[in-house]
2 protein chains.
Amino acid sequence: MTSSFFSKHKQVILYGISMAMLLFLLKWLELRYIIINHSLEIYIGAIAFIFTGLGIWLALKLAKPKTNTVIIEKEIIVEKEILITPNTEFTFNEVEFNKLEISKRELEVLQLMSKGLSNQEIADQLFVSLNTIKTHSSNLFVKLDVKRRTQAVEKAKRLNIIM
Amino acid sequence: MTSSFFSKHKQVILYGISMAMLLFLLKWLELRYIIINHSLEIYIGAIAFIFTGLGIWLALKLAKPKTNTVIIEKEIIVEKEILITPNTEFTFNEVEFNKLEISKRELEVLQLMSKGLSNQEIADQLFVSLNTIKTHSSNLFVKLDVKRRTQAVEKAKRLNIIM
DNA sequence: GCTAAAATCATCCTAAAGTATGACGATAAC
DNA sequence: GTTATCGTCATACTTTAGGATGATTTTAGC
């Protein structure tokens with residue numbers, strides 16, 4: 001307890017002792033030489049200078065260092081394996097469907113595509129023009145990140161978006 | 001508030017107290033010995049006190065703050081999704097395969113077709129010309145009794161000829 | 001060695017698929 | 001009321017797929 005108090009306030013105690021010693025020294029010097037014959041200004045100036053220095057020293061010693069917290073964001077890429085349930089019984093993967101932002105109409109086109117229908121046949125079945133189906137299919141390829149209808153069907157089946 | 005002020009400036013307060021005690025000590029010594037001029041001692045003590053404070057203030061205000069840079073590495077886990085198709089219980093329908101009289105090479109073409117490859121890509125993979133693949137695919141369509149590659153894939157999967 | 005099926009490749013042509021872009025009305029969200 | 005999305009349709013163009021036909025070369029069986 002006593003030792004911990006000393007170690008904790010070592011600076012203060014040392015400063016106190018050193019100041020006491022300095023004052024003694026000054027007293028001694030005052031008596032012996034300076035004060036009697038010399039100007040008071042020098043003495044006071046010396047006091048001011050010394051104690052300013054002491055104050056600075058004390059402040060620097062006791063000042064708590066500021067903590068600069070730098071947060072470095074480190075990306076760790078973890079490969080997450082997604083097992084796709086074998087479609088013995090088809091369960092529509094709504095999560096993946098929504099993630100791909102495929103519209104209802106596009107899904108219809110995709111389903112008919114998977115049955116092997118041509119664009120013209122799909123157009124006839126949905127009572128729209130061939131060009132409309134071409135637009136839908138093009139959009140589908142972009143959303144599914146594929147180049148051909150065969151790939152689109154393959155991926156969509158793999159993702160359980162279609163049967 | 002008061003307690004936090006005390007804890008924050010404990011060092012300074014302790015220093016003040018210790019200095020006051022020292023001054024008392026000096027007063028006592030002064031009485032014991034030579035000192036005559038009381039006002040001068042008080043004056044010098046005040047000077048010492050004030051300039052110590054000035055030193056502390058100077059140090060705290062003007063000195064560069066000590067900075068401890070704490071680097072915290074924050075790990076962000078980025079999940080990279082890998083789609084895995086599990087091995088479904090595929091049993092090759094050899095009976096149907098033989099009935100349709102599809103050749104080995106044609107089956108290869110059919111399998112690559114089902115993966116969504118174009119005729120050119122299939123040709124490159126099998127190290128044959130595009131025309132060869134066209135011939136194979138044409139023959140396949142006749143044998144499978146379909147009109148398009150998408151239908152061929154659909155039917156072949158349905159007949160368990162391909163996965 | 002002959003034969004038949006399989007595999008290869010070609011040419012010419014048509015059909016279908018796919019790309020790019022713009023437009024327009026409806027509908028829902030802000 | 002403006003913005004955004006969706007669904008629709010169009011034009012113009014390029015690429016790919018597919019059909020018809022014929023030819024050559026391998027390969028395997030008799």
Side-chain angles (χ1 to χ4, degrees), chain A residues 92-159 161-162, chain B residues 92-159 161-162:
Chain A
F92 181 66
N93 190 345
E94 204 173 342
V95 179
E96 199 69 39
F97 175 74
N98 290 328
K99 202 193 286 181
L100 293 170
E101 293 181 322
I102 294 171
S103 71
K104 279 172 280 178
R105 199 59 161 172
E106 284 164 355
L107 181 63
E108 284 185 83
V109 173
L110 188 57
Q111 284 166 338
L112 295 174
M113 239 181 217
S114 72
K115 290 180 180 175
L117 300 192
S118 68
N119 285 338
Q120 187 61 63
E121 288 167 344
I122 295 168
D124 293 342
Q125 195 150 333
L126 297 179
F127 301 106
V128 293
S129 83
L130 173 62
N131 289 310
T132 305
I133 302 303
K134 282 190 176 184
T135 306
H136 284 319
S137 60
S138 280
N139 291 332
L140 271 169
F141 300 157
V142 172
K143 288 174 181 176
L144 283 167
D145 190 31
V146 295
K147 288 181 178 178
R148 282 174 288 280
R149 55 174 51 237
T150 45
Q151 286 183 339
V153 169
E154 193 271 338
K155 190 162 188 176
K157 280 186 177 178
R158 197 151 42 84
L159 296 174
I161 290 171
I162 55 169
Chain B
F92 180 66
N93 190 345
E94 205 172 340
V95 180
E96 198 69 39
F97 176 74
N98 291 328
K99 203 194 286 180
L100 293 169
E101 293 184 321
I102 293 171
S103 72
K104 277 173 283 178
R105 201 57 161 173
E106 284 164 356
L107 181 63
E108 282 186 86
V109 173
L110 188 57
Q111 284 166 338
L112 294 174
M113 244 181 211
S114 72
K115 289 179 180 174
L117 300 193
S118 68
N119 286 338
Q120 186 61 65
E121 287 168 344
I122 296 168
D124 293 341
Q125 195 149 331
L126 298 179
F127 302 106
V128 293
S129 82
L130 172 62
N131 290 311
T132 305
I133 302 303
K134 281 189 176 186
T135 306
H136 285 317
S137 61
S138 281
N139 293 334
L140 269 169
F141 301 155
V142 172
K143 289 175 182 176
L144 282 165
D145 189 32
V146 294
K147 289 182 177 179
R148 282 173 290 279
R149 67 211 282 103
T150 45
Q151 286 182 340
V153 170
E154 195 271 338
K155 189 162 188 177
K157 280 186 177 176
R158 201 151 38 82
L159 296 175
I161 291 170
I162 55 170

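Residue numbers start from 1 in every chain, and the chains themselves are labelled A, B, ... in the order their sequence lines are given, proteins ahead of strands. Note: hydrogens, waters and symmetry copies are ignored here, and every other heavy atom, side chains too, is used. Keep in mind it's a predicted model, so treat the numbers as computed, not measured.
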Could you state the atom-to-atom distance from [atom1] of [X] to [atom2] of [N] in whole Å?
X         : N       : atom1 : atom2 : answer
Leu126(B) : dC9(C)  : CG    : P     : 10 Å
Asp124(A) : dC9(D)  : CG    : P     : 12 Å
Asn139(A) : dA4(D)  : CG    : P     : 18 Å
Glu106(B) : dT8(C)  : CD    : P     : 10 Å
Glu108(A) : dG7(D)  : CD    : P     : 9 Å
Gln151(A) : dT16(D) : CD    : C1'   : 13 Å
Glu101(B) : dA4(C)  : CD    : C1'   : 13 Å
Ile133(A) : dT11(D) : CD1   : C1'   : 18 Å

Please confirm whether the backbone N or O of Leu144(B) pairs with a side-chain atom of Lys155(B), one donor and one acceptor, at under 3.5 Å?
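The answer is yes, because a donor-acceptor pair under 3.5 Å joins these two groups.
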
What's the shortest heavy-atom distance between Ile162(A) and Val153(A), and which atoms?
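Heavy atoms only, the tightest pair is CD1-O, 4.1 Å.
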
Give a yes or no on whether a salt bridge exists between Glu108(B) and Lys104(B), defined as a side-chain N under 4.0 angstrom from a carboxylate O.
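Judged by the 4.0 Å cut-off on N to carboxylate O distance, Glu108(B) and Lys104(B) do not form a salt bridge.
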
Are Arg148(B) and Glu121(A) ion-paired here, with the side-chain N under 4.0 Å from a carboxylate O?
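Here Arg148(B) pairs with Glu121(A) in a salt bridge, since their nearest N and O are under 4.0 Å apart.
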
Find out whether Leu110(B) and Glu106(B) are in side-chain contact, i.e. whether some heavy atom of one side chain is under 4.5 Å from a heavy atom of the other.
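No, their side chains stay 4.5 Å or more apart.
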
Begin from the C-alpha positions of Thr150(A) and Met113(B) and carry the test side chain to side chain contact (heavy atoms under 4.5 Å, CB included) through to its verdict.
CA-CA 8 Å; Thr150(A) 45; Met113(B) 244 181 211; over 6 Å; no

Where protein sits on nucleotides 10-30 of chain C, one letter per nucleotide: B base, S sugar-phosphate only, - none, heavy atoms under 4.0 Å
BB-----BBB-----------

Ignoring backbone atoms, establish whether His136(B) has a side-chain N or O less than 4.0 Å from OP1 or OP2 of dA7(C).
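The answer is no; no side-chain N or O of His136(B) sits under 4.0 Å from OP1 or OP2.
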
